[in-house]
Amino acid sequence: MGYTTWGIIFLNFFLFLQYTSADLVYDVCKQTRNYTLCTETLKASANSSNADTKNLGAIMIRAARSRATHNLVYISKLMINSTNPDDFKHCLKVCYDDYSLIVKAFIPNALQSLFTGSNFDAAVSILLSADQVMDCQDDNCVLSSPSLNDRCNEYADFTQLVADVLRVA
């Protein structure tokens, strides 16, 4: 066979993989509680175009890590700039510790579980990370920083979406 024939075969194979991966993203996201957020998150990753279901799960776990890290930075800034009472400062310290634990332990554990074949354990780890942020939602934190409460709720909701993708994967 000539170079042209091999080129056409390779091109067709590449296009098939491209469309198959795109279809996989849509098929997986259809089975989640938030189709739009799921597809937007997966499509934002350059790795989703050739990912299998396990790697789609990894992309979502890494997106959860990114969200938790952003919240950790936000809390750190609140701690530095806080002129609020000591109750709020204590709450922020608890939140900071919780998000640190999420980033350093829960998320790596979820990725490790996923790649050792235990999607269930990965989902449990992600959902436990959402439970961890409940400390940030006590009265002192909520009253002093509604924005922090919103961020915690958004993270908790996102972990549900991650767990949905892991269930499908």
Side-chain angles (χ1 to χ4, degrees), residues 4 6-78 95-96 98-134 136-137 145-169:
T4 306
W6 282 111
I8 292 171
I9 291 171
F10 178 74
L11 182 61
N12 284 334
F13 180 72
F14 178 75
L15 290 173
F16 173 74
L17 284 179
Q18 192 83 4
Y19 289 118
T20 303
S21 297
D23 291 344
L24 183 59
V25 168
Y26 297 122
D27 289 344
V28 166
C29 290
K30 282 180 191 174
Q31 299 177 56
T32 66
R33 65 191 72 225
N34 190 333
Y35 175 81
T36 303
L37 182 57
C38 179
T39 55
E40 287 173 358
T41 303
L42 290 172
K43 289 297 182 180
S45 170
N47 298 329
S48 69
S49 63
N50 58 355
D52 61 6
T53 54
K54 183 175 285 197
N55 285 314
L56 293 179
I59 290 168
M60 294 299 286
I61 292 171
R62 289 183 185 110
R65 178 180 57 202
S66 177
R67 287 169 179 261
T69 301
H70 285 292
N71 286 353
L72 189 59
V73 169
Y74 178 76
I75 293 165
S76 179
K77 288 178 182 177
L78 284 177
C95 287
Y96 184 86
D98 287 344
Y99 272 104
S100 292
L101 185 61
I102 289 167
V103 171
K104 292 177 183 174
F106 285 98
I107 300 290
N109 183 48
L111 281 169
Q112 181 180 9
S113 295
L114 177 67
F115 285 113
T116 57
S118 181
N119 293 20
F120 177 78
D121 288 344
V124 167
S125 186
I126 285 294
L127 293 173
L128 285 174
S129 77
D131 189 51
Q132 194 71 27
V133 301
M134 299 313 284
C136 297
Q137 297 179 304
S145 179
S147 176
L148 177 58
N149 185 53
D150 292 344
R151 286 171 176 261
C152 292
N153 285 333
E154 288 170 9
Y155 178 78
D157 289 344
F158 190 76
T159 62
Q160 293 287 330
L161 180 62
V162 175
D164 287 347
V165 171
L166 292 171
R167 177 184 46 81
V168 175

K.L.:
Show the nearest heavy-atom pair for residues L166 and G57, with the distance to one decimal.
P.N.:
CD2-CA, 3.9 Å
K.L.:
What I'd like to find out is whether the side chain of N55 reaches to under 4.5 Å of the side chain of N47, using heavy atoms alone.
P.N.:
no
K.L.:
Distance from L56 atom CG to D27 atom CG, nearest 0.5 Å?
P.N.:
10.5 Å
K.L.:
Once side-chain contact (heavy atoms from CB on, under 4.5 Å) is applied, do any residues pair with D157, and if so which ones, sequence neighbours excluded?
P.N.:
none
K.L.:
What are the two closest heavy atoms between S125 and A110, and how far apart are they?
P.N.:
OG-N, 3.7 Å
K.L.:
Would you say Y99 and H70 make side-chain contact, with heavy atoms under 4.5 Å?
P.N.:
no
K.L.:
Of all the heavy-atom pairs spanning S147 and Y74, show the shortest one and how long it is.
P.N.:
OG-OH, 3.1 Å
K.L.:
Might you point out which heavy atoms bring I75 and C95 nearest each other, and give the distance in Å?
P.N.:
CD1-CB, 3.7 Å
K.L.:
Test of understanding: with disulfide (SG to SG under 2.5 Å), list the residues that count as partners of C152, not counting sequence neighbours.
P.N.:
none
K.L.:
Distance alone, cut at 3.5 Å: any donor-acceptor contact between the side chains of D150 and N153?
P.N.:
no
K.L.:
Do you know which two heavy atoms are closest between Y155 and A68, and how far apart they sit?
P.N.:
CE1-CB, 3.8 Å
K.L.:
According to side-chain contact (heavy atoms from CB on, under 4.5 Å), who are the partners of R65, at least two apart in sequence or on a separate chain?
P.N.:
R62, T69, I107, L111
K.L.:
Would you give the length of the straight line joining atom CG of L128 to atom CG of N109, rounded to the nearest 0.5 angstrom?
P.N.:
9.0 Å
K.L.:
Indicate the atoms forming the closest heavy-atom contact of P108 with I102, along with that distance.
P.N.:
CD-O, 4.1 Å
K.L.:
Counting only heavy atoms not in F120, do more than 12 sit closer than 6.0 Å to its CZ atom?
P.N.:
no
K.L.:
In the structure I gave you, are the side-chain heavy atoms of M60 and L42 within less than 4.5 Å of one another anywhere?
P.N.:
yes
K.L.:
Any sub-3.5 Å donor-acceptor pair from T159's side-chain atoms to A156's backbone N or O?
P.N.:
yes
K.L.:
From L37 CG over to Q160 CD, what is the distance, rounded to the nearest 0.5 angstrom?
P.N.:
12.5 Å
K.L.:
Is the side chain of S100 donor-acceptor paired with the backbone N or O of Y96 at a distance under 3.5 Å, no angle test?
P.N.:
yes
K.L.:
Mind checking the OG-CD1 spacing from S45 to I59? Nearest 0.5 Å is all I need.
P.N.:
3.5 Å
K.L.:
About how many Å separate SG of C29 and CG of L161, when rounded to the nearest 0.5 Å?
P.N.:
7.0 Å
K.L.:
Could you tell me the separation between the CD1 atom of I61 and the CZ atom of F106, rounded to the nearest 0.5 Å?
P.N.:
13.5 Å
K.L.:
Is there side-chain contact between V165 and Q31, with heavy atoms separated by less than 4.5 Å?
P.N.:
no
K.L.:
Please report the C-alpha distance between K54 and L114 in whole Å, then the side-chain angles of each, then the deciding distance to 0.1 Å, and finally whether the side-chain contact (heavy atoms from CB on, under 4.5 Å) criterion is met.
P.N.:
CA-CA 7 Å; K54 183 175 285 197; L114 177 67; 3.8 Å; yes
